[in-house]
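Have a look at the structure below before the remarks.
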Amino acid sequence: MRSSLSQTSAHQPSSNAPLIDRYKRLATWLLFIFVLIACSIRTEVTPYQLVVGLPQMGSLLQEMFPPDWSYLPTIWGPMLETIQIAIMGTTIGGLLAIPVALLCAYNLTPNRWISIPMRMILNLVRTIPDLLFAAVFVAIFGIGPFAGMLALVFFSFGIIAKLTFEAIEAIDPGPLEAMTAVGANRIQLIIFGVMPQALPYFVSYFLYTFEVNVRAASVLGLVGAGGIGLLLDRALGLFRYDRASIIILLTLAIVLMIDYGSAVIRRKLL
Amino acid sequence: MITFENVSKTYPNGTAGLRNVNLTIHEGELVVIVGSSGAGKSTLLRSINRLNDISAGEIKVNGKSVTRATSSELRRIRRDIGMIFQSFNLVKRSTVLRNVLSGRVGYHSTFKTMFGLFPKEDVELSLHALERVNIREKAYIRSDQLSGGQQQRVSIARALAQEARIILADEPVASLDPLTTRQVMDDLKRINQEMNITTIINLHFIDLAREYATRIIGLRAGEVVFDGTPAEATDQVFAEIYGRPILQDELLGVGGVS
């Protein structure tokens, strides 16, 4: 029975293909599991750690509860500062992103000697995480919200420029052709042909980046770049988990509110 | 007056768009260019305002060379040439009025247009242009709320707001139904007659070409193979232009309504 089966399959080479596929799939899984185990050994990430840590987590949660409500008035100021850092950073970064997005878009800047270097700069900016930016700027400009704001300028610039130039490349080329035909110069073409089409996307990306920035600004303080993170760092350092929990709760509430607000606006825009 | 002197166009892939075209189009003419697809109709039309560059020869508009114009001279020439596209090419999110006003940008400084500071006369002119194509009441509506025929009329109004002396229409009715086709063609004809605007239209409906044109130019493989009055453009002639007998879908078939 078995031999007759293998004989028929030998006569039909095409039936070997699924078998090879199965081996490939098996090899992929084995490789994946191997990498996972190797990583787990190197970093000592094991289920054992989790089990050992669980009681610790429980006691931490216990210490966080109840939150220290009397701390609320103290953290209002830094929370506001966090939002202000996010607003300033997003706005400046977004404004800087506009000309760069225009220069990156192939349909507006056919000259690759300009658009490709611009894209490279953008990619470079986006590879650097916001906390690293913040740490660098703290070293340059000293501890305080300015360094955090500057970090968010770069961070927002990278995201908004990238998303916007991709949106610009996807716009309807018809109106651009029409504007060329009426004798518009480059700036007029952008104002009348590109802007009305790309603006809703830009505003949507701007708001999205603002959401991300409020979250990012909450932890910037960990590296000394201003905002609520500074207080969180201090609370954790002094083992005042009741204070840490009120900071986390407030941040959560603010972030949720901003996310909701911007989601509503973005839905109306697009 | 538009003149073509020995104009040729070869695309980068080697195909010839135009071969040694010599033409003179006089003021006030309504020229319809016919030919099968790929014959070079669009190439010919778009080379007049240099949306396409030509490879050899020279094109002049009212004595000024389009071929040798600097970019600022070219913008000045384009300002006086309205263009109508098959797909209307309006900014769909903008209002009708703003689309029509965009035809005025060539008259103003970049700075003024950046902030949308059009003088009152421009707004008047644009509304008047919309009136000419019977859609003034749509001025403050977003363009994507309009039907295809209405959008095409907006683009005609844009050309009128430009105070163009020449209108180029590249397959203006190809995406419209027969009834709206006739309305748009009637608008173009009326504007051509009332305002003496030189009008050049690419069409693939040969009955429309005969009905509306004062002159028909036939293109085949980039060459002018016919140039004459509608009366001279018999079915026989069209068969020669197309290199085959006329097909049913090359007739609009709603002739003689007006």
Side-chain angles (χ1 to χ4, degrees), chain A residues 94-103 105-114 163-164 166-207 265-270, chain B residues 45-46 48-52 69 71-95 98-116 118 142-144 151 154-155 158-159 161-164 166-170:
Chain A
L95 290 178
L96 290 175
I98 295 173
V100 174
L102 293 169
L103 290 174
Y106 286 151
N107 54 348
L108 298 182
T109 310
N111 186 347
R112 298 291 148 102
W113 289 104
I114 299 171
L163 292 174
T164 305
E166 280 174 355
I168 290 175
E169 288 193 333
I171 63 173
D172 175 11
L176 309 187
E177 198 178 31
M179 287 316 292
T180 309
V182 300
N185 62 32
R186 283 205 79 62
I187 294 170
Q188 290 168 332
L189 177 126
I190 287 165
I191 301 282
F192 283 84
V194 180
M195 216 182 69
Q197 297 192 71
L199 192 64
Y201 292 96
F202 173 78
V203 175
S204 166
Y205 299 146
F206 183 90
L207 287 172
I265 300 174
R266 286 197 287 138
R267 205 171 319 133
K268 285 204 172 141
L269 275 171
L270 296 177
Chain B
L45 203 72
R46 282 158 185 266
I48 296 173
N49 59 358
R50 221 168 100 185
L51 287 186
N52 281 354
S71 63
S72 73
E73 285 169 346
L74 184 62
R75 285 201 298 273
R76 182 68 181 70
I77 294 170
R78 281 173 174 164
R79 193 181 86 183
D80 298 333
I81 304 177
M83 185 138 191
I84 318 255
F85 302 86
Q86 175 179 345
S87 46
F88 326 132
N89 288 0
L90 303 179
V91 177
K92 296 190 181 70
R93 301 183 66 100
S94 299
T95 62
R98 190 168 165 88
N99 269 295
V100 178
L101 270 172
S102 74
R104 298 294 301 165
V105 297
Y107 290 90
H108 303 296
S109 70
T110 307
F111 183 78
K112 268 191 183 170
T113 47
M114 262 176 83
F115 297 98
F118 290 99
R142 252 173 72 149
S143 310
D144 53 7
Q151 289 193 36
V154 174
S155 79
R158 178 170 58 194
Q162 256 176 275
E163 297 183 296
I166 296 168
I167 286 180
L168 310 175
D170 192 6

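Throughout, protein chains are lettered first and strands after them, A, B, ... in sequence-line order, and every chain is numbered starting at 1.
Under the ring-ring contact (aromatic ring centres under 6.0 Å, His included) criterion, A/F192 pairs with B/F118, not counting sequence neighbours.
Smallest separation of non-hydrogen atoms from A/A184 and B/V105: CB-CG2, 3.7 Å.
For chain A, the nearby part of B/L51 is the side chain; its heavy atoms alone come within less than 4.5 Å. Contact of B/M114 with chain A is made through backbone and side chain together, with heavy-atom distances under 4.5 Å. Contacts between A/P200 and chain B at a heavy-atom distance below 4.5 Å involve the side chain alone, from C-beta outward.
In the displayed structure, A/I187 atom CD1 is contacted under 6.0 Å by at most 12 heavy atoms of other residues, nucleotides or ligands.
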With 3.5 Å as the limit, can you list every donor-acceptor pair between chain A and chain B, backbone and side chains included?
unit_1 : atom_1 : unit_2 : atom_2 : d
A/D172 : OD2    : B/K92  : NZ     : 3.4
A/G174 : O      : B/N89  : ND2    : 3.1
A/E177 : OE1    : B/N89  : ND2    : 3.3
A/E177 : OE2    : B/R46  : NH1    : 2.3
A/E177 : OE2    : B/R46  : NH2    : 3.4
A/N185 : ND2    : B/T110 : OG1    : 2.8
A/Q188 : NE2    : B/V105 : O      : 3.1
A/Q188 : NE2    : B/H108 : O      : 3.3
A/Q188 : NE2    : B/T113 : OG1    : 3.1
A/L269 : O      : B/R93  : NH2    : 3.3

